[in-house]
Amino acid sequence: MSLSGGRKTLQEREAMTDIERLRHSCAHVMATAISRLWPEAQFAAGPPVENGFYYDVEMLHRVTPEDFPKIEAAMQEVVTAAQPFEKEVVSRDEALKLAEQGRLAALSARPAPSKFKLDIIRSIPDGEPISLYKNGDFIDLCAGPHVADTSLIRAFKVTSIASAYYKGDESNPQLQRIYGTAFHDAAAMEAYFLALEEAKKRDHRKLGKELGLFVVDDEVGQGLILWPPAGAILRQELQNFISTELRKQGYQQVFTPHIGKLALYKTSGHFPFYKDSQFPPIIEKESLDKVVSENCSCAEMTNRLEAVSARFAGALNERTGSNMIEQESVMSDDKLLDGYLLKPMNCPHHIKIYASRPHSYRDLPMRLAEFGTVYRWEQSGELNGMTRVRGFTQDDAHIFCTEEQVSGEILGCLALVKKVLSTLGMEEYRVRVGLRDPDSTKYTGDAANWDKAEAACRDAAKTLGVPFTEEPGEAAFYGPKIDFVVRDVIGREWQLGTVQVDYNLPVRFDISYVTAENTRRRPVMIHRAPFGSLERFCGVLIEHFAGAFPLWLCPEQVRVLPVTDAQVDKAREYEASLLDRGVRVTVDASREKLGAKIRLAQTEKVFYMLVVGAREASVESVSVRSRKRGDEGVKPFAEWLRLLCEDIAERKN
RNA sequence: GCCGGUUUAGCUCAGUGGUAGAGCAGCGGUUUUGUAAACCGCUGGUCAUCGGUUCGAAUCCGAUAACCGGCUCCA
């Protein structure tokens with residue numbers, strides 16, 4: 001959080017780490033430098049952020065990367081001058097007066113008032129102290145804290161520019177956000193930039209293209225992933241693995257189609273509530289012809305699609321005991337227009353499977369699992385490789401259970417996450433419990449059920465044995481959730497899976513089970529996708545492994561390399577044996593030298609290379625070279641194959 | 001969606017108003033090769049798309065699209 005958003009509390013300020021303090025101080029140094037170069041610059045907020053800091057500035061000059069050396073040179077002068085940061089607590093009137101004079105975030109008084117600072121001062125609640133920090137002639141409104149003097153900033157760099165709205169609000173002026181970073185010493189900064197390079201090499205978009213793992217094609221559409229053979233293997237192996245674990249946990253596989261009628265999503269509440277993040281409805285030809293012949297306007301057509309019948313409204317309002325469906329969205333049947341939606345979620349379909357026959361308490365918990373592909377209209381600027389897409393496949397399941405079973409089911413889900421992540425060598429993760437924001441009205445369902453669901457999540461989180469945080473405002477609209485945040489091998493965090501407790505949809509769909517006392521009772525639903533989507537999960541895995549997958553996931557597990565043409569037949573023989581055991585193998589029969597074949601296999605991240613020369617061929621052996629460890633010596637082929645199959649079956653890393 | 005940048009051969013990238021280039025990949029030939037690149041030759045481009053300025057546009061201008069970095073959003 002920065003000054004521009006919610007203000008930091010005093011506690012948060014005090015908790016600022018050394019490096020944050022240093023970076024925040026460096027933001028002031030950068031503002032000082034920019035003021036020197038462009039005295040008219042107006043500054044808004046300049047907080048430390050992960051890996052650096054930024055300062056939002058408004059000025060006529062558009063900063064470009066060519067300006068960075070200039071800014072850095074001016075910053076260096078400030079640093080060399082060893083200007084102390086002097087704090088001064090002032091009254092609100094004094095602060096306002098300085099801002100009016102344009103004296104804040106500036107080197108001297110200026111004709112124009114420091115308008116953003118003025119606005120920030122006005123937003124500071126009464127009673128909270130207002131402080132200024134001064135370095136040299138530069139005075140800035142700032143709650144601090146800062147390092148003692150500018151000479152402590154021994155390593156810094158201006159890194160990038162972006163634009164941002166003042167206070168993140170589109171109706172506010174657009175500012176230039178200038179990013180930089182700072183470290184206690186040059187070695188730390190160098191290490192940081194090296195790590196950045198490393199991350200770049202692992203970028204799943206780069207590796208995905210090089211290794212043929214995924215493709216996005218303009219003509220197919222933005223954010224729609226195509227899986228070429230190598231990527232398909234990766235996905236299929238993961239799916240097989242997860243499915244096996246799900247079966248062990250008593251899940252049942254189901255399949256459902258990619259679309260459903262609008263009515264289904266009106267019952268669930270997804271439509272029209274979330275229409276802006278869905279692909280628009282698909283309308284049948286006859287209906288379309290009808291509205292065209294009636295000269296229906298676009299707005300009218302939308303109304304007809306979004307409206308419901310009186311019977312529907314009555315039934316839903318009765319079930320939910322509310323006036324959820326308002327009178328104005330009711331329309332007579334002959335006006336109503338139905339259509340289909342590409343499914344934004346799998347839950348309504350799964351509920352229909354549950355509801356297709358009566359259930360006894362003895363059936364519960366019922367766990368319906370599907371790798372279900374869903375479609376969401378993400379904003380174009382948000383799309384990114386495999387991690388943010390418009391069509392994705394969730395490792396989804398819906399658990400229908402009694403209230404008493406909720407926390408046990410959440411624990412089961414966590415056990416699954418633990419198993420899969422440990423198999424993949426990703427041992428670090430934390431848990432976030434998302435609760436409702438008491439001041440918001442975006443949630444459906446009654447308060448009592450929310451309290452129950454939140455308590456269930458909190459209790460489950462407590463028994464997990466992993467660190468967790470509670471975050472109000474992070475709940476789904478129908479219930480609280482538990483998110484899994486995974487840390488990858490180079491320390492980045494990824495929000496993957498989620499578990500959501502839902503008391504709401506069972507009501508809306510009026511589902512029930514028969515209790516031991518022969519009464520009807522509502523089940524609780526748990527939505528869970530422990531790895532989120534296969535697309536995002538694969539993207540994370542590509543970066544985690546830098547494209548060099550463990551044996552069982554490797555698209556090409558073995559490549560046989562005959563040394564000369566004379567060994568090609570033998571290589572084919574080995575290939576056939578490997579194929580027969582289900583190993584993914586090819587032969588490099590090109591007329592290249594061995595070194596070239598190895599180099600190619602190595603860059604293509606093939607797990608094992610089997611060198612077959614005259615010596616090996618004559619005694620049914622292979623010279624084994626592993627991608628990781630290099631030459632492993634000559635081994636009898638049959639024996640090596642047996643060990644290989646064991647490693648694959650055990651999903652060894 | 002908003003702001004800024006980018007878009008040249010399958011890939012990585014040169015090319016700042018005067019007939020489109022390199023390396024790798026691909027194809028053909030020579031070489032029969034032992035643990036990270038043999039040699040020679042050839043093919044390959046409507047310079048993202050559409051429009052404009054100009055005698056002449058990859059190059060200048062405008063629109064559109066995609067991508068990248070941010071912002072906002074994320075059931």
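Proteins come first, then strands; the chains are lettered A, B, ... in the order of their sequence lines, and each starts at number 1. Since the structure is predicted, the reported quantities are computational estimates derived from the model, not experimental observations.
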* Can you list every pair that meets salt bridge (Lys or Arg N to Asp or Glu O under 4.0 Å) and has a residue in residues 267-281 of chain A, with sequence neighbours left out? ->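 The answer is Lys275(A)-Glu306(A).
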
* **Selection: residues 606-617 of chain A, any non-hydrogen atom under 4.0 Å of RNA chain B** =>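 Val611(A), Gly613(A), Ala614(A), Arg615(A), Glu616(A), in order of number.
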
Donor-acceptor pairs under 3.5 angstrom involving side-chain atoms of residues 260-269 of chain A: please list them, not counting sequence neighbours.
unit_1    : atom_1 : unit_2    : atom_2 : d
Lys266(A) : NZ     : Leu305(A) : O      : 2.7
Lys266(A) : NZ     : Ala307(A) : O      : 2.7
Thr267(A) : OG1    : Ala263(A) : O      : 3.1
Ser268(A) : OG     : Tyr265(A) : O      : 3.2
Ser268(A) : OG     : His270(A) : N      : 3.3
Ser268(A) : OG     : His270(A) : ND1    : 2.7

* Structure fact -> Reading nucleotides 38-51 of chain B from 5' to 3' and marking B where a protein heavy atom lies under 4.0 Å of the base, S where only the sugar-phosphate is that close, and - otherwise, the string is B-------------

* Structure fact -> Per-nt protein contacts along nucleotides 63-70 of chain B (heavy atom under 4.0 Å; B base, S backbone sugar-phosphate only, - none) come out as ---SSSSB

Show the atom names and distances, to 0.1 Å, of all donor-acceptor pairs under 3.5 Å that link a side chain in residues 209-221 of chain A to residues at least two apart or in another chain.
unit_1    : atom_1 : unit_2    : atom_2 : d
Glu210(A) : OE2    : Lys206(A) : NZ     : 3.3
Asp217(A) : OD1    : Glu219(A) : N      : 2.7
Asp217(A) : OD1    : Val220(A) : N      : 3.3

Kindly write out the residues that satisfy salt bridge (Lys or Arg N to Asp or Glu O under 4.0 Å) with [X], not counting sequence neighbours, or none if the list is empty.
{"X": "Glu535(A)", "result": "Arg235(A)"}
{"X": "Arg625(A)", "result": "none"}
{"X": "Lys115(A)", "result": "Glu58(A)"}

* Using the aromatic ring of Phe273(A) (for Trp, its six-membered ring), decide whether it stacks on the base of A75(B) within the limits of 5.5 Å and 30°. =>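 According to the criterion (under 5.5 Å, under 30°), no, Phe273(A) does not stack.
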
* Using the ring-ring contact (aromatic ring centres under 6.0 Å, His included) rule, collect all pairs that involve residues 600-621 of chain A, keeping only residues at least two apart or in two chains. =>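 Of all non-adjacent pairs touching residues 600-621 of chain A, those that pass ring-ring contact (aromatic ring centres under 6.0 Å, His included) are Tyr608(A)-Trp640(A).
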
Please list, pair by pair, any protein nitrogen or oxygen found under 3.5 Å from a nitrogen or oxygen in nucleotides 10-14 of chain B.
none

* Asked: Judged by atom type as modelled, is there a donor-acceptor pair below 3.5 Å linking the side chain of Ser621(A) to the main-chain atoms of Val619(A)?
  -> yes

* What is the base-pairing partner of C27(B), counting Watson-Crick and G-U wobble geometry with both distances under 3.5 Å? ->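 Base-paired to G41(B).
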
* So does Asp451(A) pair up with Arg436(A), basic N to acidic O under 4.0 Å? ->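 The answer is yes: the pair qualifies as a salt bridge.
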
Report each atom pair, protein N/O against N/O of nucleotides 24-26 of chain B, whose distance is under 3.5 angstrom.
none

